[in-house]
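Chain naming here is simple, since letters A, B, ... match the order of the sequence lines and numbering starts at 1 in each. Quick note: numbers below take in every heavy atom, side chains included, and nothing from hydrogens, waters or symmetry partners.
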Protein chains: 2
Amino acid sequence: MEETGIVAPRAARTLRRTRIQEEKEEQILSAALDVFSQHGFRGTTIDQIAEVAGMSKPNLLYYFRTKEAIHRALIDRVLQTWLDPLRAFDAEGDPEQEIRSYIRRKLEMARDFPRESRLFANEILQGAPHIEDELKGPLKALVDEKAEVIRTWARAGKIAKCDPYHLIFSIWSTTQHYADFDVQVRAVLGQDQAGEGRFDDAARHLEQLFLNGLAVKRKA
Amino acid sequence: MEETGIVAPRAARTLRRTRIQEEKEEQILSAALDVFSQHGFRGTTIDQIAEVAGMSKPNLLYYFRTKEAIHRALIDRVLQTWLDPLRAFDAEGDPEQEIRSYIRRKLEMARDFPRESRLFANEILQGAPHIEDELKGPLKALVDEKAEVIRTWARAGKIAKCDPYHLIFSIWSTTQHYADFDVQVRAVLGQDQAGEGRFDDAARHLEQLFLNGLAVKRKA
DNA sequence: TGTAATGTTTACCAATCGGTCAAATTCTCG
DNA sequence: CGAGAATTTGACCGATTGGTAAACATTACA
């Protein structure tokens, strides 16, 4: 019946959102982000979310009627902001600077919103049952558009010829790796890298990698 | 009581494995790989595995006493082979060729063993509760060793100076992306890329990326 | 202040969860 | 074949699952 992710409380007659509604829904979504991003949709229980959110299960279900509704609300919200950096990709800008800042922005998101990244990763890993249409529609359209920009740069000789789609995949995977595989990254780097310094190192490394590669040889 | 992942059937008095044991355990592990890699540990039910394996739940539990035992057996097996390509990294070899074939090997694994890759990704996403020690011990040791090799190459001027750890992360993430994020990759590329051609494109792209970067500018 | 709408809790439900058990069946090997 | 081991099954268990019903408490607002 309901189509929206965020569902009005059952008893609600009005369409306006109360202060309490605002607060509680925020609590729930934050708690759900914690749990969903770690255990995936099926591995998450409503009781778990309710406990993290600090409320009883029926109370939680007063705001979101089903587990799916919570999940969809989260996914919608994340999808909306997740592609902003790519949207910011400017065809008129300087290629080097555009790529550099795209990498930096994606890396900042991995650092500042790791739960969102993992939620997305979990969804894709499970075969994207809830967002297949989003991927094939809006996402593909956006990537197609930006791929054309990159291709133009390459044709103009501003960057080396390359497959723009796989280039985008490479930027996505390398940056999101620091959110999704954080545990592994920490384990390998050891605790000397306890702080956030690894993100600066990663930024330097990725900028060099994408702009210069390993410089083993040159075509020209 | 039991420490091993693969548990001998309860009634077994002998230590030898029967032909049936061999077959059934293989069926179970393959089915479990399907389900675990898609839904993670907590999202997977024994009934599900049993159904995919084509046997009853009690029958399955005759071969593996608990859900955890199945999962551990799988993880152990995957961990063992997953790092083989990195182990093959040869300090004496030609840097360009070593990196090239490492990328190719990892990409082949993403193509041929996507379930294994996703199982691993799921485990890491969930905070690596079952393999933290493996990561901090054997994995870190191996990476430390190979990082030193890369550093030596850089010092000898054979490749550009770079952070070897983040270089390895980059290779891992870009290659595994084609297994873990397969749905997204397919969605973005469209069905024209229905076959396995995307792996060849990816190989070409990644070789160029890592060896030449985008060649926007040169240090020298 | 009163009252209707909003919010919360306790008790509960059917279905599914991981796992057990004993009986029934099939296999192996002398 | 026959006997003992190995395998398979159905019936079952307590705990947990997603979700509901209704009584109760609180809030907003006329």
Item to complete: Figure out the CD1/P separation between Ile28(A) and dG7(C), and round it to whole Å.
Response: 11 Å
Discussion item. Strictly below 4.0 Å, N to O, side chains only: are Arg198(A) and Asp182(A) in salt-bridge contact?
Written reply: yes
Worksheet entry | Atom-pair distance (CG on Leu61(B); P on dG10(D)), nearest Å | 15 Å
Worksheet item: Please give, in whole Å, the distance from dT26(D) P to Arg19(A) CZ?
Response: 14 Å
Worksheet item: Between Gln21(B) and dT7(D), does any side-chain N or O lie under 4.0 Å from OP1 or OP2?
Response: yes
Worksheet entry | Arg19(A) with Glu23(A): basic N within carboxylate O range, under 4.0 Å | yes
Worksheet entry | Protein-nucleotide distance (Ile70(B), atom CD1; dG19(C), atom C1'), rounded to Å | 12 Å
Worksheet item: Below 4.0 angstrom, N of the basic side chain to O of the carboxylate: do Arg77(A) and Glu26(A) qualify?
Response: yes
Show me the donor-acceptor pairs within less than 3.5 Å that the side chains of residues 124-131 of chain A make with the rest of the protein, sequence neighbours left out.
residue   : atom : partner   : partner atom : Å
His130(A) : ND1  : Glu123(A) : OE1          : 3.4
His130(A) : ND1  : Glu123(A) : OE2          : 3.1

Fill in: Salt-bridge present (Arg204(A), Asp200(A); N to O < 4.0 Å)
no
Discussion item. Rounded to whole Å, please give me the gap between CZ in Phe64(B) and P in dG18(C).
Written reply: 16 Å
Restricting both atoms to N or O, compile the protein contacts to nucleotides 8-17 of chain C shorter than 3.5 Å, with distance only.
residue : atom : partner  : partner atom : Å
dT8(C)  : OP1  : Lys24(A) : NZ           : 2.4
dT8(C)  : OP2  : Lys24(A) : NZ           : 3.4
dT8(C)  : OP2  : Asn59(A) : ND2          : 3.2
dT8(C)  : OP2  : Tyr63(A) : OH           : 2.7
dT8(C)  : O5'  : Asn59(A) : OD1          : 3.4
dT9(C)  : OP2  : Ser56(A) : OG           : 3.4

Worksheet entry | Lys/Arg-Asp/Glu bridge criterion (N-O < 4.0 Å) met for Arg105(B), Glu108(B) | no
